[in-house]
Structures are given as structure tokens and as C-alpha cells.
Amino acid sequence: MRTLEQSDPEVSGIVNAEKKRQIETLEIIASENYASNAVLEATGSVFTNKYAEGYPGKRYYAGNAFADQVEELAVSRAKELFGAEHANVQPTSGAEANFAAYAGFCEPGDVIAGLELSQGGHLTHGSPVNFSGRLYDFAAYAVDRETEMIDMDSVSRLVSDRRPKIIVAGATAYPRIVDFAAFAEIAHKNDALLLVDMSHFAGLVAGGVYPSPIAHADIVTSTTHKTLRGPRGAMILCKGNLAEVVDKAVFPGTQGGPHMHSIAAKAVAFGEALKPEFRIYSQKVVDNAQVLAESLQSGGIRLVSGGTDTHLILIDCTSLGITGRKAQNALEGSGIIANRNTIPYDERSPFVTSGLRIGTPALTSRGMGSDEMRKLASWIVQVLGDPDGEGVREGVRNEVAEFAQAWPVPGGE
Ligand code: DSN
């Protein structure tokens with residue numbers, strides 16, 4: 001068999017450069033992680049070649065005996081992992097999963113409630129530049145100005161005023177635990193469905209270190225590649241009585257042929273997350289985030305909401321007199337990869353921002369612990385304290401490059 005290197009040295013060279021980048025830098029983007037070799041192998045498997053529109057036992061193409069087996073395995077593992085009544089593992093991304101969930105239960109123009117993007121929500125939770133905000137009438141809730149945590153009283157007032165069909169809970173830049181029971185009470189009192197988008201914290205739920213939304217939510221959407229450490233992709237979990245609507249909304253409602261190679265890799269990732277080691281990993285992700293948060297605060301950096309309960313930390317760069325964009329660029333120049341993000345009530349545009357979002361899932365997958373988090377915090381404090389200082393950046397970049405190579409990247413063999 002010809003390898004990629006032999007058949008296409010150009011692409012192979014780019015892949016190898018990316019591999020080297022991943023080894024030599026410190027990845028602290030809260031939504032990224034390193035999948036295992038087994039997940040990567042399944043993603044690159046011959047299931048890439050197979051069309052399988054439909055569901056196990058009800059396909060529109062022949063030759064699907066093994067596609068059926070692998071999808072059934074992924075479904076049963078997802079149900080076991082999260083204690084869900086029904087799982088659909090075909091969504092190809094979090095956006096597709098949310099699209100299918102809205103399409104299944106709403107008509108265009110219907111009201112849906114969600115956390116505003118600039119407050120920590122997601123594009124698909126009603127941003128006007130996204131299909132969600134264009135197709136549906138989104139009512140946005142916000143966090144409290146003082147605590148920077150979701151204000152459940154204002155959610156309750158918004159919902160009784162606007163009467164949404166769905167309330168979306170879950171976020172991409174919210175470092176705290178979401179009160180699913182309170183959301184469910186508000187939703188069900190107002191005849192709305194509760195949809196929890198757990199993409200960011202799915203791995204923490206699987207590992208038992210973040211409350212599970214399953215008992216409270218009617219529908220749960222999630223990506224599979226963040227804290228869960230699986231392949232790129234997503235899933236929808238729901239109550240048994242909603243299964244038929246969800247399945248039809250995914251196929252034929254909003255998607256065509258499922259990506260069977262990703263579904264095979266999801267089965268592998270769910271199998272990994274079912275192992276006891278995954279609980280230890282998830283606990284370490286949260287412990288590391290807390291050590292990192294405390295060390296940054298000791299270095300004079302203000303964190304949105306004063307800390308974290310999760311894998312994610314939101315830095316208020318205004319406390320350093322710089323923008324999120326400047327912070328992101330200065331850190332990248334030092335070998336530390338993060339992303340700029342709006343903070344609640346941000347006065348800057350989403351392109352510039354006043355915040356920086358960081359997280360610990362990827363570094364924890366490399367085996368790092370508290371000592372390494374303290375070291376990382378001291379580098380961040382140094383670089384953000386002098387973001388224009390080429391000498392500081394160069395010094396940190398050299399230290400990071402040497403340090404990072406001592407921590408193997410999973411899946412890098
Ligand atoms: N891009 C994802 C994140 O970073 O949270 C959300 O789509």
C-alpha cells in the first residue's frame with residue numbers, strides 16, 4: 001500500500017508540519033483536544049467509502065451489514081455512557097445537530113430562547129448571522145452583570161413573556177455549572193422543550209465531574225471532539241418519545257449520507273469514555289483548570305465570574321489593558337495557542353474582543369498536572385504583562401518548545 005508520503009508528498013508535508021506544530025506548542029483552546037490513535041485509525045478507516053442513508057436495518061443502499069453493526073454499537077455505547085433513552089449519532093457537527101433539533105420541533109419563525117453569543121452562547125443559539133437567528137425568532141437571555149453567571153430570574157421572565165417552543169441551555173464560553181433543573185422547571189412550566197447543548201462539557205458529564213443534563217432535558221445535543229476526545233462530529237440524545245421526530249429531522253430532514261468513518265470513531269471514543277480511566281482524566285481536566293485559574297488570579301489577571309467549575313477559563317483582558325486579539329497574538333508568538341472571545345457586556349467587536357478563552361482538556365490529555373499548570377500560568381502572566389516585548393515572547397517561546405516536547409501528544413505515534 002502506498003503511503004500518503006509516497007503518493008502525495010505535498011499534502012503529507014503539510015500534515016507533518018501540523019503534527020510538529022501540535023507537538024511543539026501548548027494547546028489551550030478550550031474546545032480542542034487530542035484524539036487517541038484508536039479514534040484516528042477508525043476515522044481513517046474504509047468506512048470512509050460507504051454510503052448508508054437511513055438507519056440500521058432501514059438503509060437506502062445495499063452492502064450495509066457492517067455499517068449497521070458499527071452504528072448500532074455507537075448508539076448503544078452513547079446511551080450507556082450518558083444514560084439516555086435514545087441516541088442519534090449521525091450529526092456531522094454541533095451546528096448540524098442543533099439545526100436538526102430546531103427543524104424537528106419548530107417551524108421557521110417560531111420563538112426559541114438561548115444565551116446570547118457575546119455572553120458565552122454559540123452561533124447556533126440565535127446569532128443573527130447564523131441560520132438559527134435567520135430562520136427562527138430568537139429571544140436572548142444574558143448573564144448577571146455582577147456575578148457574570150446566568151440570571152435564572154431573567155430567563156424565567158423572558159420565557160413567560162416570549163413563550164419559546166424551545167429553550168436552549170449550554171454555551172461555548174461559560175466557565176460555570178448550568179442549573180439544568182432550574183431550566184427544566186422554567187421550560188416545562190411554559191410548555192417549552194428544554195434543549196441542552198452540552199458540546200463543551202460532554203466529556204465532563206461522561207466522567208461524572210459535571211452534572212448530567214439527561215434527566216432534565218428533552219433533547220441534548222453535543223459534539224464528540226471536545227472534552228469527550230472523540231472524532232469531529234456530533235450526536236443528539238433525547239427522551240424515547242421524541243426519538244422518531246429527532247431521527248427524521250436528522251435524516252432525511254437535514255442530512256444525507258451519514259459519515260460512517262466518524263460514526264465508527266464515535267463508537268471507539270464512547271468505548272474509551274466508558275472506561276474508569278476516563279473518570280480520572282475528567283477530574284484532572286477540572287483540577288487543572290482550577291489550579292490554572294488560581295495561578296492566573298495570583299498573577300493579577302481577572303477571570304470572568306471569578307473562576308471556573310469546568311475545563312474552561314475566560315480571561316478579562318481589560319484587567320491587563322489589552323484586547324483579546326492582542327492577547328491571542330502575543331501568546332501565539334510564544335507557542336501558546338488560545339482564542340480570543342467576547343466577555344459579558346463586551347464593548348469590543350467579536351473580531352477584537354476583550355477576552356481570551358482558555359481550557360485544559362488538551363494539555364491534560366498530554367498528561368500534564370498541577371505543576372505544569374502553574375508553569376503555564378507564569379508564562380501567560382509574563383507574556384500578557386508585556387505583549388509587545390519581543391524578548392519576553394522569544395524567551396517564553398524557547399522554554400515552551402523545549403517543555404512541550406517532553407509531553408507526548410496522544411495519537412501522534
Ligand atoms: N468552535 C467551537 C468552540 O470553540 O467552542 C464552537 O463551535
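As the structure lists them, so they are numbered: ligands from 1, and atoms in each ligand from 1.
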Inset, instruction - Any atoms of ligand 1 less than 4.0 Å from a non-hydrogen atom of Thr172? List them with their elements. - result: 5 (O), 6 (C)

Legend entry - Side-chain donor-acceptor pair present, Glu71, Gln90, cut-off under 3.5 Å: yes

Inset, instruction - Return yes or no for this condition: an N or O of Lys226 is under 3.5 Å from an N or O of ligand 1. - result: no

Inset, instruction - Starting from atom 1 (N) of ligand 1, locate the nearest protein heavy atom and write down its residue, its atom name and how far away it is, to 0.1 Å. - result: Ser31 OG, 4.6 Å

Inset, instruction - Indicate, with yes or no, if the rings of Phe180 and Phe183 have centres closer together than 6.0 Å. - result: no

Inset, instruction - Provide, to 0.1 Å, the distance between atom 5 (O) of ligand 1 and the closest protein heavy atom, together with that atom's residue and name. - result: His200 NE2, 2.7 Å

Inset, instruction - Mark the output for Arg357 as yes if a heavy-atom distance to ligand 1 is under 4.0 Å, and as no if none is. - result: yes

Inset, instruction - Assess the pair Tyr55 and Tyr60: is the distance between their ring centroids shorter than 6.0 Å? - result: no

Inset, instruction - Cation-pi check, Arg157 to Tyr141: give yes when NZ or CZ is under 6.0 Å from the six-membered ring centre and within 45° of the ring axis, no otherwise. - result: no

Inset, instruction - Please say whether more than 12 non-hydrogen atoms of neighbouring residues, nucleotides or ligands are located less than 6.0 Å from CZ in Arg302. - result: yes

Legend entry - Nearest neighbour in protein (non-hydrogen) for atom 6 (C) of ligand 1: His122 NE2, 3.3 Å

